[in-house]
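Structure first, then comments.
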2 protein chains.
Amino acid sequence: MQSVRIWKIGKLAVQAGISVRTLHYYDEIGLLPPSHRTGAGHRLYTEDDVRRLQCIKSLCALGFSLDQTGGLLSTRDCSPRQVIEMHLTQLREEMRRQLKLVERLEAIHEKLQHEKTAGIDELLGLITEIEMMETFKKCYTAEQLDTLEKRAQKVGPERMQEVQGEWHELIGQVREQMNAGSKPDEPQVQELAKRWMGLIDEFTGGQKDIAESLGNVYKYDPTIASSRGFDLDATIMEYVAKSWASLNTRKE
Amino acid sequence: MQSVRIWKIGKLAVQAGISVRTLHYYDEIGLLPPSHRTGAGHRLYTEDDVRRLQCIKSLCALGFSLDQTGGLLSTRDCSPRQVIEMHLTQLREEMRRQLKLVERLEAIHEKLQHEKTAGIDELLGLITEIEMMETFKKCYTAEQLDTLEKRAQKVGPERMQEVQGEWHELIGQVREQMNAGSKPDEPQVQELAKRWMGLIDEFTGGQKDIAESLGNVYKYDPTIASSRGFDLDATIMEYVAKSWASLNTRKE
DNA sequence: CGTACACCATCACGCAACGTGAGGTGCAAA
DNA sequence: TTTGCACCTCACGTTGCGTGATGGTGTACG
């Protein structure tokens, strides 16, 4: 109603639908310092401040961090197009992760319906089972999947988890050798390669086609490996393959 | 290879693919205290500890917090079914939010392609515009939407934002009166009702059908109001409606 | 036997975005 | 003058660790 409109912090908080503490915080980090203060130190916000706050709220509602928001509001010239695109791809990535989680949980939930017992141990068995199947599902035929499932049930979830630990260890050791500059045909590397192939054998029940498919999975989509927690890439797999080959050629 | 297998913290970290600090932390919060320590205080993990760690990793991978994970692992009897379901619904909720964000950003991104200028002000105009349209899109006919869009362009984004602030203020004042026990036909409440209807008028360009639809939006889906940042529910709207009605009956 | 070096230990601060008091003013009504 | 509300400035708590700082251990090697 007056020519100059001024808000104290409480009113502004109500008007913007946020808390006083939030405004304190925005002041603290320099995102929205009030244009004026009273003699007693009370914050006084002008219309410009209010507009800035609206902007901040909008950008935050789009998922930007306060830091990014501040950046967007300060750069007068630079086009926000790129920022938006980056943010968008990032969000989509996040969504994919979420979707995977939900799918996993749904699978577990469904399996839980069939099982009568609902102890924590069964739950964990199901979880490892589903994690495994999920990894393979993309590349195997139904028949192969069936074989793998039987195999997994035979060795049991504990051994599966143990094996996972051994993989981590083994991969670490191989990477060490690689970084140390060891050649693939040196004996200590060949030793690692033997353990490597041994694990694969146990895993696949010695069926070559399955082992090969497994190799392809990791070869053509390294993201799967990292999603399973493995620090694995094409160079390592090639290194081990060479080492294994050097073993076999000598034997012949 | 030996009958009793013991891991020190570094080995276990490598084997599990996590950091030493993480194991320190899990010990600190009591989630995974090692079964033994050496005389010098070095942590010694047994096979049981390793299994527990695998469980923890699995549950975390499913999106449970460390707290929830600890709970799941400690409750031997209670069925985890409910926990899973709760978590699942929560995750789905989260996904819906994410999806909304992505859609909004996509809309903004598309609009940015058409606009030549890419300053921050235009961006903010687009954002408010899209937020508005999104609210309405669910309940209006194409014709009404068109009217609303023209209306929004006419008043401009700044005024739209200002109005939003006034809404917050107004809603707060009405809620105050309600909580204070004021009757709808008391003059100060009627004053608020007048402002309320004035805002709606400005908003809708005075078209009754649009205003009515708007009322229905908020009446039948209060979640929309809260997603727009309004602390609005059916009781408040009824209260204002009564107050407005009391004004009009007196006039006649 | 000493020493070099990797590994282990315990603090303790930092991050994001505030929530939640605690303890002390400013200002207007009763 | 007292009450009471709105405001102020610390300052600690949240989650899941990362990243040093500083100092003790354990073992392999000369």
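Atom set for the values below is all heavy atoms of this structure, side chains included, hydrogens, waters and symmetry mates excluded. Chain letters run A, B, ... following the sequence lines, proteins first, then strands; residues in each count from 1.
- The pair B/Glu186-B/Lys183 fails the salt-bridge criterion, with no side-chain N (NZ, NE, NH1 or NH2) lying under 4.0 Å from an Asp/Glu carboxylate O.
- Listed by first and then second residue, the salt bridge (Lys or Arg N to Asp or Glu O under 4.0 Å) pairs that reach into residues 31-42 of chain B are B/Asp27-B/Arg37, sequence neighbours excluded.
- A rotation axis mapping the C1' atoms of four pairs onto the next four is fitted at both ends of the helix from C/dC1-D/dG30 to C/dA30-D/dT1 over five pairs, and the angle between these axes is 40° to 10 degrees.
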How would you summarise protein contacts on nucleotides 12-30 of chain C per nucleotide, using B for base, S for sugar-phosphate only and - for none, with heavy-atom distances below 4.0 Å? -----BBBB-----S----
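- Not a single salt bridge (Lys or Arg N to Asp or Glu O under 4.0 Å) links A/Glu85 to another residue, sequence neighbours left out.
- Across the protein-nucleic acid pair, B/Asp27 atom CG and D/dC17 atom C1' stand 14 Å apart, rounded to whole Å.
- Of the side-chain N and O atoms in A/Arg43, none sit less than 4.0 angstrom from OP1 or OP2 of D/dC7.
- Atom pair A/Leu23:CG and D/dA6:P shows a separation of 15 Å (rounding to whole Å applied).
- For the pair B/Ile9 CD1 and D/dT25 P, the interatomic distance rounds to 17 Å; values are reported in whole Å.
- Regarding contacts with the backbone of C/dA9, a side-chain N or O of B/His24 is found under 4.0 angstrom from either OP1 or OP2.
- Annotation: ring pair (Phe, Tyr, Trp, His ring centres under 6.0 Å) contacts of A/Trp7 (sequence neighbours excluded): none.
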Go through it in stages, so that I can follow the logic: the residues are A/Arg51 and A/Asp48, the test is salt bridge (Lys or Arg N to Asp or Glu O under 4.0 Å), and I'd like the CA-CA distance, side-chain angles, deciding distance and then a yes or no. CA-CA 5 Å; A/Arg51 264 191 292 277; A/Asp48 279 351; 2.8 Å; yes
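- Protein atom CG of B/Leu53 is 11 Å distant from nucleotide atom P of D/dC17, rounded to whole Å.
- With sequence neighbours excluded, no residue satisfies ring pair (Phe, Tyr, Trp, His ring centres under 6.0 Å) with B/Tyr239.
- In this structure, the NZ atom of B/Lys57 is 16 Å from the C1' atom of D/dG16, given to the nearest Å.
- The list of ring-ring contact (aromatic ring centres under 6.0 Å, His included) pairs with a residue in residues 42-63 of chain B, not counting sequence neighbours, is empty.
- When the P atom of C/dA9 is taken as reference, atom CG of B/Leu44 falls 9 Å away, rounded to whole Å.
- Put simply, B/Arg37 has no side-chain N or O that comes within less than 4.0 Å of OP1 or OP2 on D/dT25.
- Summarising the geometry, the separation between NE2 on B/His36 and P on C/dA9 is reported as 15 Å, rounded to the nearest angstrom.
- Remark: B/Ala107 engages B/Ile130 in a side chain to side chain contact (heavy atoms under 4.5 Å, CB included) (not counting sequence neighbours).
- Scored by the ring pair (Phe, Tyr, Trp, His ring centres under 6.0 Å) test, A/His87 finds A/Phe64 as partners (sequence neighbours excluded).
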